[in-house]
Amino acid sequence: MKRIALLGASGSIGTQTVDVILQHPDLFELVSFGVGSRVETARTLLKQFPGISLCSVMNEADALELSKEYPDKTILFGDEGLKTIAESDYDVLVNALVGFAGFAPTLAAIESDHDVALANKESLVCGGELITRALALHGRSLIPIDSEHSAIFQCLQGNRMRQVKRLIVTASGGSFRNRTREELASVTVEEALAHPNWSMGAKITIDSATMMNKGFEVTEAHWLFGVPYEKIDVLMHPESIVHSMVEFVDQSVMAQLGSPDMRLPIQYALSWPDRLPLNEPPLDLAKAGTLHFSNPDTERFPLLALAYEAGTKGGNLGAVMNAANEVANAAFRNHQIPFTMIEDIVIGAVHEAPFTPLKSVDDLLAANAWGDEYARGKIRKLS
Ligand code: NAD
Ligand code: MG
């Protein structure tokens, strides 16, 4: 029985993780979880999984209320609650938090000698250097949940890293893949939130439309697999059926294919190195018919190019990029800025930030604060 701690349990990845756990009650058990403000999800999970001893919600008032309803459970709150769960007793942490909030629990889990199944790519975009160091020090593993990285991880099984020539990360292109730059000026939040292939949380759906998400995934691949940026390519693939590929020194290319359903990579992260049946329709390639591939246009999608630049320069720039993006992404969703201003803000932040090395969590907090304040300053000037 694998005992699972799940942070971000009420989100898109979180609820699909619960679904996977429920499909294999003989193998997986939820022992603790964290949610944000969706207290109803906390109530449902506490009823569904009697073995849960520990949970955390965002606000203290909600935690007090839940404590009264469940006097035999430990109910925590805030960032400290997430950290306490990450440091508690379980076999694997599924980090399905969104944004910078995910970094501290990832690090806390590794430093308290746990493996992490990682959906929260922002952990690696901001602090890949610090996380990689902690993994080596504690002899722990990060198992990817992101579909592209799960695909690469699957293609690497039974192969040798030193014989890898190139990682090929596929990209659907997001909601606006067929729009010109001129057309982007007037797109709406509702249009941006309508992803053609995947149903995901709001933040990552907008990140997919700007292709910041694909830039983040290049950085994520760099840290997860220890491959330099010049050996990581992005390939446009609008059908989202080939989830990513690995090219080897003998020119052999391995790919992993599947329907666009996150439950497969979530389940593989929990069952690896085993595979388990999954209750979903099998992939029908004859129905898919034709698969398309093309090179990305980095002028059309400048945030993809920016992520390569920030990643290659390293230091504080990943954290600055992430923080500015987090603020700009939210401001677009709140109708405060037009879509194309997300790019202007994130590019401005990375280009104007004074470069500093990233040696400690304090360096990371400073970089995050710098990017956050830069973006807020730009948005304040508009009003
Ligand atoms: P989501 O917005 O649907 O869910 C996020 C969860 O985190 C929610 O439960 C929310 O309550 C919780 N949360 C956020 N901030 C919190 C805080 N400060 N304290 C406590 N809880 C907090 O997001 P999602 O789409 O599930 O994405 C989660 C992560 O997985 C992101 O990093 C995303 O990039 C990555 N990811 C998602 C998908 C997908 O299909 N949704 C695919 C690949 C990777
Ligand atoms: Mg992905």
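Any value given below was found using the heavy atoms of this structure, including those in side chains, with hydrogens, waters and symmetry copies removed. Whatever order the structure lists them in is the order used to number ligands and atoms, beginning at 1. Residue numbers start at 1 and run along the sequence shown.
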Asks: Among protein heavy atoms, which lies nearest atom 44 (C) of ligand 1, and at what distance?
Replies: D146 OD1, 3.6 Å
Asks: For S172, is there any backbone N or O sitting under 3.5 Å from a side-chain donor or acceptor partner on H237?
Replies: no
Asks: Considering only the protein, which heavy-atom contact is closest to atom 11 (O) of ligand 1, and what is its distance?
Replies: G36 N, 3.0 Å
Asks: Angle subtended at the Mg ion (ligand 2) by OE1 of E148 and OD1 of D146, to 10 degrees?
Replies: 100°
Asks: Strictly by modelled atom types, are E40 and T44 linked by a side-chain donor-acceptor pair under 3.5 Å?
Replies: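 Side-chain D/A pair, E40 to T44: absent.
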Asks: Would you check if the side chain of D62 reaches a backbone N or O of M58 as a donor-acceptor pair within less than 3.5 Å?
Replies: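 Between the backbone of M58 and the side chain of D62 there is no qualifying donor-acceptor contact (under 3.5 Å).
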Asks: Does any N or O atom in Q16 lie less than 3.5 angstrom from one in ligand 1, N or O only?
Replies: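 Not met; the criterion fails.
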Asks: Could you identify the single nearest non-hydrogen protein atom to atom 20 (C) of ligand 1 and state the distance to 0.1 Å?
Replies: V35 O, 3.7 Å
Asks: When you measure from atom 31 (C) of ligand 1 to every protein heavy atom, which one gives the shortest distance, and what is it?
Replies: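 Of every protein heavy atom, L97 O, 3.7 Å lies nearest to atom 31 (C) of ligand 1.
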Asks: Considering only the protein, which heavy-atom contact is closest to atom 33 (C) of ligand 1, and what is its distance?
Replies: I204 CD1, 3.9 Å
Asks: Looking at ligand 1, does K121 have a heavy atom less than 4.0 Å from it?
Replies: yes
Asks: I want to know if ligand 1 touches G201 in the polar sense, i.e. an N/O pair below 3.5 angstrom.
Replies: yes
Asks: Would you confirm whether R177, through its side chain, and P238, through its main-chain N or O, come within 3.5 Å as a donor-acceptor pair?
Replies: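 The answer is yes, because a donor-acceptor pair under 3.5 Å joins these two groups.
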Asks: Is the shortest distance from a heavy atom of G34 to ligand 1 less than 4.0 Å?
Replies: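 No, G34 has no heavy atoms under 4.0 Å from ligand 1.
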Asks: Would you say the ring centroid of F176 lies under 6.0 angstrom from that of F339?
Replies: yes
Asks: Kindly say whether I85 contributes a backbone atom to a donor-acceptor pair with the side chain of S88 at under 3.5 angstrom?
Replies: yes
Asks: Under 4.0 Å, heavy-atom basis, I'd like to know which part of E122 is in contact with ligand 1: side chain, backbone, both or neither.
Replies: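 Within the 4.0 Å criterion, E122 contacts ligand 1 through side-chain atoms alone.
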Asks: Around atom 26 (O) of ligand 1, find the nearest protein heavy atom and jot down its residue, atom name and distance.
Replies: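 For atom 26 (O) of ligand 1, the nearest protein heavy atom comes out as I13 N, 2.9 Å.
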